[in-house]
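For reference, the structure is listed below as structure tokens.
For this chain, numbers begin at 1 and follow the sequence in order.
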Amino acid sequence: MVQKFVYVLLAALLGGCGTAYVSSSVPDNDDQVTIVELNTQTVQSANRSTYTPRTLPAVFFQSAGTTGPARGVGVIPSGSLPEQARPGQPSRRLPPEPQVGPYRIGVGDVVLLATRGARDTVEELSGLLAAQNSRQGYTVQDDGAIAIPEIGRVALAGLTLEEAEAALFQHLVENQIDPAFSLEIAEFNAQRVSIGGSVTSPGVIAITLTPLTLDQALSAVGGVTARDRDFALIRLYRDGVLYQIPLSDYLSDPKLQKTRLIAGDSLFVDTEYELDKAETYFREQIALSNLRLGARERALEELLGEIRVRRADLNEIRTNFEARVALDGVERDYVYLAGERTRPGRYTLPFGRRASLADALFSEDGFSNVTANPSQIYVLRGAPEQDKPDRVLALHLNARNAANYVLATRLELRPNDVVFISEQPITRWNRVVQQLSPVLVTSSVALATN
């Protein structure tokens with residue numbers, strides 16, 4: 001009898017389990033609720049609703065540094081010397097090889113005549129021998145001739161020694177004077193090379209019967225005095241053209257040292273980098289740099305002190321704001337979490353960016369893998385219309401297919417959305433049983449007592 005009564009009571013309770021246990025659900029036959037299945041198109045449509053996330057205060061974007069000019073430096077004097085820019089490696093432009101030929105007598109040269117000795121014709125050559133015996137020569141004058149007493153003027157300019165002897169011989173014969181003589185050049189004044197620049201003794205070097213080479217000419221003026229020989233140049237001006245030989249090349253190449261010079265050449269040993277001025281310039285720049293460095297250090301100390309004060313102010317303002325956030329004293333936007341979650345609550349929308357459904361689903365408390373129904377995940381969003389002010393849009397995510405969680409990462413949440421996760425059928429049955437168990441036990445004990 002008792003057992004039969006228990007069975008009847010259990011059947012009655014199970015028949016009315018909807019009354020014994022009530023759980024939330026999203027109705028599919030409610031005119032005020034519109035269920036929308038989530039897919040790529042519906043996610044894009046839902047995201048079109050306007051929303052601007054709340055932003056952090058400007059203090060969180062400020063820096064304690066400064067972009068203003070350095071302070072405390074003042075006006076630093078500029079250098080008094082121009083910078084000696086170090087040039088590139090100098091190039092060489094060599095002069096062409098001159099035509100080689102015998103020396104030709106020119107204006108200003110002094111020629112000397114000599115006879116074989118005393119003869120009966122001394123009276124006839126008295127003037128000539130007197131000049132020879134006294135070692136007096138004849139200067140080639142500006143018209144190119146020399147003047148010999150009893151003979152007259154003889155043009156020698158432009159002639160070689162052999163040609164000059166022939167000309168003198170002809171004049172002596174014409175004047176019926178014994179032409180027994182020899183001719184030599186006593187002083188070479190017609191053909192010269194000038195040398196200047198960084199040499200010991202700038203001057204003029206004469207070209208003699210022996211060809212004059214570059215090394216001989218530089219030795220004659222005491223050699224090169226340029227200190228920085230890597231950038232010194234030997235410049236040669238000839239016939240309106242400027243040539244140059246790097247001093248380093250000259251010193252290492254014997255062939256360049258034997259460059260032949262000709263009349264009218266001008267040599268100048270030059271340097272594009274004046275080492276003395278460069279040293280003075282750099283000493284001055286070092287002194288100015290030290291002055292600037294000291295001023296910069298003082299300015300930096302002052303600036304660091306100000307930055308420390310600014311940083312402390314910013315940190316205090318930020319800390320105060322964070323305390324207000326922790327005390328819920330700052331206006332925020334929330335999404336509410338309901339249904340089968342580990343702990344229902346609310347999810348705070350972040351500052352400065354938009355959150356997705358996945359952010360809320362997988363937040364700290366998450367949803368229950370044991371009791372939640374992954375095929376019944378909804379985002380409930382108010383979507384009033386003119387004739388339906390209480391209309392609710394239910395965005396349905398069926399996550400039974402795990403690939404649909406990708407849609408959850410794309411769906412943007414809006415303030416006051418409700419994320420609802422329905423329970424599994426077995427979960428509903430277990431909860432009914434849990435509620436009925438104490439009633440059954442109590443009823444059974446009461447019947448047994450009676």
query = What residues form a side chain to side chain donor-acceptor pair (under 3.5 Å) with Ser363, not counting sequence neighbours?
reply = Arg341
task = Report the distance from atom CG of Asn290 to atom CG of Leu293, rounding to the nearest 0.5 Å.
result = 6.5 Å
query = Are any of the side-chain heavy atoms of Asn404 and Leu397 separated by less than 4.5 Å?
reply = yes
message = As an exercise, state the distance from CZ of Phe188 to OG1 of Thr210, rounded to the nearest 0.5 Å.
response = 8.0 Å
ask   = Got a second to check how far Ile377's CD1 is from Asn398's CG, nearest 0.5 Å?
value = 8.5 Å
task = Assess whether atom CZ of Arg354 is packed by more than 12 heavy atoms of other residues, nucleotides or ligands within 6.0 Å.
result = yes
query = Considering all heavy atoms of both residues, which atom of Leu413 and which atom of Leu357 are nearest to each other, and what is their separation?
reply = CG-N, 3.8 Å
query = Between Asp359 (side chain) and Ser356 (backbone), is there a donor-acceptor pair under 3.5 Å?
reply = yes
remark   = In terms of heavy-atom contacts, Arg153 and Ala145 come closest through NH2-O, 3.9 Å
message = Please check: side-chain N/O of Arg238 versus main-chain N/O of Asp265, any donor-acceptor pairing under 3.5 Å?
response = no
ask   = Should we say atom OH of Tyr237 is surrounded by more than 12 heavy atoms from elsewhere, each under 6.0 Å from it?
value = no
request  = Hey, could you give me the CZ/CD distance between Phe169 and Glu174, rounded to the nearest 0.5 Å?
outcome  = 10.5 Å
inquiry  = I need the full list of ring pair (Phe, Tyr, Trp, His ring centres under 6.0 Å) pairs touching residues 32-53, with sequence neighbours left out, sorted by first then second residue.
reply    = none
ask   = How are the rings of Phe321 and Phe60 set relative to one another: parallel (under 30°), tilted (30 to 60°) or perpendicular (over 60°)?
value = perpendicular
ask   = How far apart are the C-alpha atoms of Val309 and Glu306, what are their side-chain angles, what is the distance that settles it, and do they pass the side chain to side chain contact (heavy atoms under 4.5 Å, CB included) test?
value = CA-CA 5 Å; Val309 174; Glu306 183 175 343; 5.7 Å; no
query = Any side-chain heavy atom of Gln376 within less than 4.5 Å of one from Phe420?
reply = no
query = Is there side-chain contact between Pro344 and Leu337, with at least one heavy-atom pair below 4.5 Å?
reply = no
task = For the residue pair Asp215 and Leu218, establish whether any side-chain heavy-atom pair is separated by less than 4.5 Å.
result = no
task = Would you name the heavy atoms of Glu163 and Gly158 that are closest together and state the gap between them?
result = OE1-O, 4.2 Å
ask   = Do Tyr243 and Pro96 touch side chain to side chain, with heavy atoms closer than 4.5 Å?
value = yes
remark   = Residues Gly108 and Asn189: closest non-hydrogen pair is O-ND2, 2.8 Å
query = Going by heavy atoms in the side chains, are Gln257 and Thr213 under 4.5 Å from each other?
reply = no
task = Indicate the atoms forming the closest heavy-atom contact of Asp109 with Ala190, along with that distance.
result = OD1-N, 2.8 Å
inquiry  = To the nearest 0.5 Å, what is the distance between CG on Leu395 and OH on Tyr378?
reply    = 11.0 Å
message = Determine whether a donor-acceptor pair (N or O, by modelled atom type, separation under 3.5 Å) exists between the side chain of Arg414 and the backbone of Asn47.
response = yes
remark   = Value for NE2 (His396) from CD (Glu37), rounded to nearest 0.5 Å, stands at 5.0 Å
query = Under the 3.5 angstrom rule, does the side chain of Asp333 hit a backbone N or O of Leu349 as a donor-acceptor pair?
reply = no
message = Side chains of Leu261 and Gln216, heavy atoms from C-beta outward: is any pair under 4.5 Å?
response = no
task = Answer yes or no: does atom CG of Asn401 have more than 12 heavy-atom neighbours from other residues, nucleotides or ligands under 6.0 Å?
result = yes
request  = Run the numbers on Ile317 and Asn320 for side chain to side chain contact (heavy atoms under 4.5 Å, CB included), then give the verdict.
outcome  = CA-CA 5 Å; Ile317 296 174; Asn320 291 340; 5.6 Å; no
ask   = Which is it for Val154 and Tyr138 under the side chain to side chain contact (heavy atoms under 4.5 Å, CB included) test, yes or no, and what are the steps along the way?
value = CA-CA 11 Å; Val154 181; Tyr138 294 93; over 6 Å; no
inquiry  = When you measure from the side chain of Asp249 to the backbone of Pro246, do you find a donor-acceptor pair of N or O atoms at a distance under 3.5 Å?
reply    = no
task = Check whether any side-chain N or O of Ser45 sits under 3.5 Å from a backbone N or O of Gln41 as a donor-acceptor pair, and report yes or no.
result = no
query = So with a 6.0 Å cut-off around CD of Glu162, is the heavy-atom count from everything else above 12?
reply = no
query = If every non-hydrogen atom of Val221 is compared with every non-hydrogen atom of Val199, which pair is closest and at what distance?
reply = CG2-CB, 4.0 Å
key: Side chain proximity check, Pro53 to Arg353, heavy atoms < 4.5 angstrom   = no
task = Give the C-alpha distance, both sets of side-chain angles, the deciding distance and a yes or no for side chain to side chain contact (heavy atoms under 4.5 Å, CB included) between Val325 and Arg332.
result = CA-CA 9 Å; Val325 170; Arg332 300 295 300 274; 3.6 Å; yes
